[in-house]
Undergrad: 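Below you'll find the structure I mean.
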Amino acid sequence: MPENGRSFIGGITGKILSSFIFICYQLHFIFIQIMIHRWPCDFSLRIMNMAIRPVNLTVSGTAISNEYAKTFSYHRDGKNQDRNLYRIPLYRMTISGRDDAGNAVQHTVRVIRFGVGWSTQTNVSYVYGLAKLQSSYIRRWLPDYSVHSARHVFKDYLIHDGADNPVREVYATAGCIDVCDDPYGFDRVNSLIIRLSGVEKALPRARQLRDIAHAGRKTITYERALRPALRLWNA
């Protein structure tokens, strides 16, 4: 083929390739604009998720020896249904992850895992809560929950503040994970989760906790546990 023919074909090929690249770039730009316009929260969260480190919560399946919470039979009206006090064992929850330097970090707190409920059908108290081995992503932070805010696991199961002294305080729980250790136990857990997650430090604390939850990088695992027997406190 003559040189001028080759140059002509090469010129056309170059123009076609340049046009194709330009069109791809424009389509990519339009796609990003559509994503931001239609799903601004989802798109920004996908970018944010890349910066949030995983944090894992593990609830032990073995009760702490000779440590109990003093609880009563709970119903949605918040009243003691049968006027009895019950003995519910405490468990441990471990928070684990990595700090900014990449070091593995673990911290353990005492929690109430099971509660005493009231059956409106049979008018008797019973022990309830999650006993099977299971794991869930924690994707919601509830800043306005009545017990100093909470993390939503699924359905009606939450993680929130519990009794400061579970032996001396009479406390009721609906089968949630209630963090006990002293008046600032739940706050310390939140501070540790913030540190391990690597969330942006300049943000307000409330925004940090919300962003960590929305990122979906925090998990909770319930180890398999035997549901404790219903025991009166003075039995």
Undergrad: Side chains of L192 and V55: closer than 4.5 Å at any heavy-atom pair?
TA: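 Heavy-atom side-chain distance check fails, nothing below 4.5 Å.
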
Undergrad: Is the number of heavy atoms from other residues, nucleotides or ligands under 6.0 Å of R227 CZ greater than 12?
TA: yes

Undergrad: Taking all non-hydrogen atoms of both residues, which atom of L230 and which atom of Y86 are closest, and how far apart?
TA: CD1-CD2, 3.5 Å

Undergrad: Where do K218 and I52 land on the side-chain contact (heavy atoms from CB on, under 4.5 Å) test, with the steps shown first?
TA: CA-CA 9 Å; K218 188 163 71 276; I52 301 293; over 6 Å; no

Undergrad: Would you compute the distance between atom OG1 of T71 and atom CD of E169 and round it to the nearest 0.5 angstrom?
TA: 13.0 Å

Undergrad: Just by modelled atom types, is the H107 backbone N or O under 3.5 Å from a matching donor or acceptor in the T94 side chain?
TA: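 Between the backbone of H107 and the side chain of T94 there is no qualifying donor-acceptor contact (under 3.5 Å).
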
Undergrad: Tell me if the CZ atom of R92 is crowded by more than 12 foreign heavy atoms within 6.0 Å.
TA: no

Undergrad: In the single-linkage hydrophobic clustering (I, L, V, M, F, W, Y; side-chain heavy atoms under 4.5 Å), do I64 and I112 co-cluster?
TA: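 In one cluster: yes.
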
Undergrad: Taking all non-hydrogen atoms of both residues into account, name the closest pair between G97 and L196 and its distance.
TA: N-CD1, 3.7 Å

Undergrad: Are the side chains of T219 and S135 in touch, meaning some heavy atoms are under 4.5 Å apart?
TA: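 No; the side chains remain at least 4.5 Å from each other.
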
Undergrad: Let's go through V116 and I88 carefully: what are the C-alpha distance in whole Å and the side-chain angles of both, what is the deciding distance for side-chain contact (heavy atoms from CB on, under 4.5 Å) to 0.1 Å, and is it a yes or a no?
TA: CA-CA 8 Å; V116 179; I88 292 293; 3.8 Å; yes

Undergrad: How long is the span from the CG atom in L142 to the CG atom in L209, to the nearest 0.5 Å?
TA: 11.5 Å

Undergrad: Specify the closest pair of heavy atoms between S119 and T122, including all atoms of both residues, with the distance to one decimal.
TA: OG-OG1, 3.0 Å

Undergrad: With heavy-atom distances below 4.5 Å as the criterion, would you say the side chains of I193 and L57 are in contact?
TA: yes

Undergrad: Taking C-beta and beyond as the side chain, do F72 and V170 meet within less than 4.5 Å on heavy atoms?
TA: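 Yes, at least one pair of side-chain atoms sits under 4.5 Å.
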
Undergrad: Is it the case that more than 12 heavy atoms not belonging to L232 sit under 6.0 Å from its CG atom?
TA: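 Atom CG in L232 is crowded, with more than 12 foreign heavy atoms closer than 6.0 Å.
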
Undergrad: Test side-chain contact (heavy atoms from CB on, under 4.5 Å) on Y145 and R151; report intermediate values, then the result.
TA: CA-CA 9 Å; Y145 185 70; R151 288 182 178 81; over 6 Å; no

Undergrad: Between R139 and H214, which heavy-atom pair has the shortest distance, and what is it?
TA: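 That would be O-CD2, 3.6 Å.
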
Undergrad: Report yes if some heavy atom in the side chain of N190 is under 4.5 Å from a heavy atom in the side chain of R205; otherwise report no.
TA: yes

Undergrad: Work out which heavy atom in A150 is nearest to a heavy atom in H160; give both atom names and the distance.
TA: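 Shortest heavy-atom contact: CB-CB, 3.7 Å.
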
Undergrad: Does any N or O in the side chain of R217 come within less than 3.5 Å of the main-chain N or O of S197, such that one atom is a donor and the other an acceptor?
TA: no

Undergrad: Would you find a donor on one side and an acceptor on the other, under 3.5 Å apart, between the side chain of D181 and the backbone of G185?
TA: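 The answer is no, because no donor-acceptor pair under 3.5 Å joins these two groups.
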
Undergrad: What's the separation between atom OG1 in T221 and atom CG in L133, rounded to the nearest 0.5 Å?
TA: 7.5 Å

Undergrad: How many angstroms lie between CZ in R98 and CD in Q106, if you round to the nearest 0.5 Å?
TA: 10.5 Å

Undergrad: Going by the ring-ring contact (aromatic ring centres under 6.0 Å, His included) test, name the single residue among Y128, Y68, Y91, Y126 that passes it with F114.
TA: Y91

Undergrad: Has Q208 got a side-chain atom pairing as donor or acceptor with E200's backbone, closer than 3.5 angstrom?
TA: yes

Undergrad: Just wondering, are more than 12 heavy atoms of other shown residues or ligands nearer than 6.0 Å to CZ in F154?
TA: yes

Undergrad: Could you tell me the separation between the CG atom of L203 and the NZ atom of K201, rounded to the nearest 0.5 Å?
TA: 11.0 Å

Undergrad: What heavy-atom pair brings D156 and C176 nearest, and what distance separates the two atoms?
TA: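 Heavy atoms only, the tightest pair is O-SG, 3.7 Å.
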
Undergrad: Please round to the nearest 0.5 Å and tell me the distance separating atom OG1 of T58 and atom CE of M93.
TA: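 Rounded to the nearest 0.5 Å, the OG1-CE separation comes out at 9.5 Å.
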
Undergrad: Inspect the surroundings of OH in Y137 and state if more than 12 heavy atoms from other residues, nucleotides or ligands are less than 6.0 Å away.
TA: no

Undergrad: Are the side chains of W118 and N123 in touch, meaning some heavy atoms are under 4.5 Å apart?
TA: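 With C-beta onward as the side chain, the pair touches.
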
Undergrad: Assess whether side-chain contact (heavy atoms from CB on, under 4.5 Å) is satisfied between Y171 and D164, documenting all intermediate values.
TA: CA-CA 10 Å; Y171 196 81; D164 298 338; over 6 Å; no

Undergrad: Evaluate the side-chain proximity of V105 to R195: yes if any heavy-atom separation is below 4.5 Å, no if none is.
TA: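 Answer yes - side chains close enough.
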
Undergrad: Is any side-chain heavy atom of R113 closer than 4.5 Å to a side-chain heavy atom of I177?
TA: yes

